[in-house]
Amino acid sequence: SNQGARERPAWLATESLRLHVGCGPTRLAGWTHCDLYDGAGIDHVFDLQSRWPFPDNSASEVYGSHVLEHLRDPLAFFREAWRVLQPNAVMLLRVPYGGHRAAWWDLEHQRPWFAESFAILQPGYAESIRNPQHAGLGHPWCVQNVNMRLSAKAARLIRWRLLRRWLVPWLDLLPDFCEELWIYLYALKSEDAVANFLATRQPNTVPVQYVAYHHHLAGRLLG
């Protein structure tokens with residue numbers, strides 16, 4: 001039924017529930033597939049901005065590729081992902097980079113996303129930027145890392161060591177230099193986890209690195 005989750009008692013006995021959210025037609029072995037629309041191989045049908053049909057602390061991983069940019073209420077998504085994930089469990093999200101035309105070429109995209117956009121999820125963010133409107137989100141995350149995947153043209157430019165040394169510090173000024181973000185987050189679900197984060201990290205910053213597909217660096221087509 002498109003009105004709610006299907007009955008899936010088998011996963012309740014599984015220690016490792018891995019949720020592939022907004023999966024569309026893509027299927028990953030060993031994952032539970034979730035989408036807003038029903039279809040072949042979909043295990044659960046529900047809106048990611050409403051309550052997810054899983055108990056608290058039941059999932060070991062969440063993966064979503066090019067779904068976050070379609071959501072009108074992303075904070076509702078993060079609240080539910082936080083609720084169902086086990087303590088320190090990891091979520092990987094992929095979104096088009098906000099500075100690339102891909103961020104807006106789909107008419108249903110709701111907003112652009114940058115690496116810094118995810119800092120708001122971290123504890124202490126409101127205090128660090130001195131803006132109380134961001135206080136009290138209540139579902140803290142740590143942004144473990146953000147991989148900024150270079151576009152094929154940008155990847156070819158940095159193949160040469162001398163050019164790379166000169167160009168990399170200025171890459172963020174080039175239009176369409178980065179095509180996609182891969183964001184690794186984990187749920188902070190205890191006071192100790194939050195305290196450790198605040199003792200070791202600056203809440204309004206996120207770690208970032210440039211990455212590229214190997215075939216883009218090599219300047220060849222895949223396959």
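In this chain, residues are counted from 1 in sequence order.
Considering every non-hydrogen atom in both L19 and A59, the closest pair reads CD1-CB, 4.1 Å. Across all non-hydrogen atoms, the minimal contact from H216 to S151 is ND1-C, 4.4 Å. The two residues C178 and M148 have their closest heavy-atom pair at SG-CB, 3.6 Å. Closest of all the heavy-atom pairs between C23 and R27 is SG-NH1, 3.7 Å. When every heavy atom of L85 is checked against every heavy atom of M91, the shortest pair comes out as CD1-CB, 4.2 Å. Closest heavy-atom contact between H70 and H66: CD2-O, 3.5 Å.
For the residue pair R72 and Q49, no side-chain donor N or O sits within less than 3.5 Å of a side-chain acceptor on the partner. Side chains of R149 and Y97: no donor on one and acceptor on the other come within 3.5 Å. Checking N88 against Q86 by side-chain atom types alone, no donor-acceptor pair falls below 3.5 Å. Judged by distance alone, the side chains of W182 and E180 do bring a donor and an acceptor atom under 3.5 Å apart. A donor-acceptor contact closer than 3.5 angstrom is absent between the side chains of H20 and E61.
In this structure a side-chain-to-backbone donor-acceptor pair under 3.5 Å is missing from Q144 to P207. For the pair R111 (side chain) and A103 (backbone), a donor-acceptor distance under 3.5 Å is absent.
A chain of hydrophobic side-chain contacts below 4.5 Å, direct or via other Ile, Leu, Val, Met, Phe, Trp or Tyr residues, connects L171 to L217. Using a 4.5 Å cut-off between side-chain heavy atoms of Ile, Leu, Val, Met, Phe, Trp and Tyr, with links allowed through other members, L28 and V45 fall into different hydrophobic clusters. Note: the hydrophobic cluster containing I158 does not contain Y213 (ILVMFWY, side chain heavy atoms under 4.5 Å, direct or indirect links). Hydrophobic clustering, with ILVMFWY side chains joined whenever heavy atoms are under 4.5 angstrom apart, groups W82 together with V84. Two different hydrophobic clusters hold I129 and F197 under the rule that ILVMFWY side chains link at heavy-atom gaps under 4.5 Å.
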Test ring-ring contact (aromatic ring centres under 6.0 Å, His included) on H44 and F54 and set out the steps.
CA-CA 10 Å; H44 293 273; F54 309 107; 4.9 Å; yes

When you look at F118 and W113, which way does the ring-ring contact (aromatic ring centres under 6.0 Å, His included) test go after all the steps?
CA-CA 8 Å; F118 297 88; W113 289 89; 5.0 Å; yes

Please evaluate residues E69 and Q110 with respect to the criterion side-chain contact (heavy atoms from CB on, under 4.5 Å), reporting the C-alpha separation (whole Å), side-chain torsions for both, the decisive distance (0.1 Å), and the verdict.
CA-CA 6 Å; E69 66 271 20; Q110 300 299 313; over 6 Å; no

Given side-chain contact (heavy atoms from CB on, under 4.5 Å), test Y184 with V146 step by step and report yes or no.
CA-CA 6 Å; Y184 296 84; V146 179; over 6 Å; no

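Few gaps surround CD on Q209; more than 12 heavy atoms of other groups in view lie less than 6.0 Å from it.
Atom CZ of residue F77 and atom CG of residue D47 lie 11.5 Å apart, to the nearest 0.5 angstrom. Residue R79 holds its CZ atom at 12.5 Å from CH2 of W141, rounded to the nearest 0.5 Å.
With sequence neighbours excluded, the residues that form a side chain to side chain contact (heavy atoms under 4.5 Å, CB included) with R101 are W105, D176.
Among V95, L68, N147, the single residue meeting the side-chain contact (heavy atoms from CB on, under 4.5 Å) criterion with L181 is V95. For the side-chain contact (heavy atoms from CB on, under 4.5 Å) test with L48, the passing option among V21, D73, L36 is V21; the others fail. Of the candidates T200, T205, N204, Q202 forms a side-chain hydrogen bond (donor to acceptor under 3.5 Å, both in side chains) with just one, namely N204.
Using the six-membered ring where Trp is involved, F46 and W52 have ring planes that are tilted, between 30° and 60° apart.
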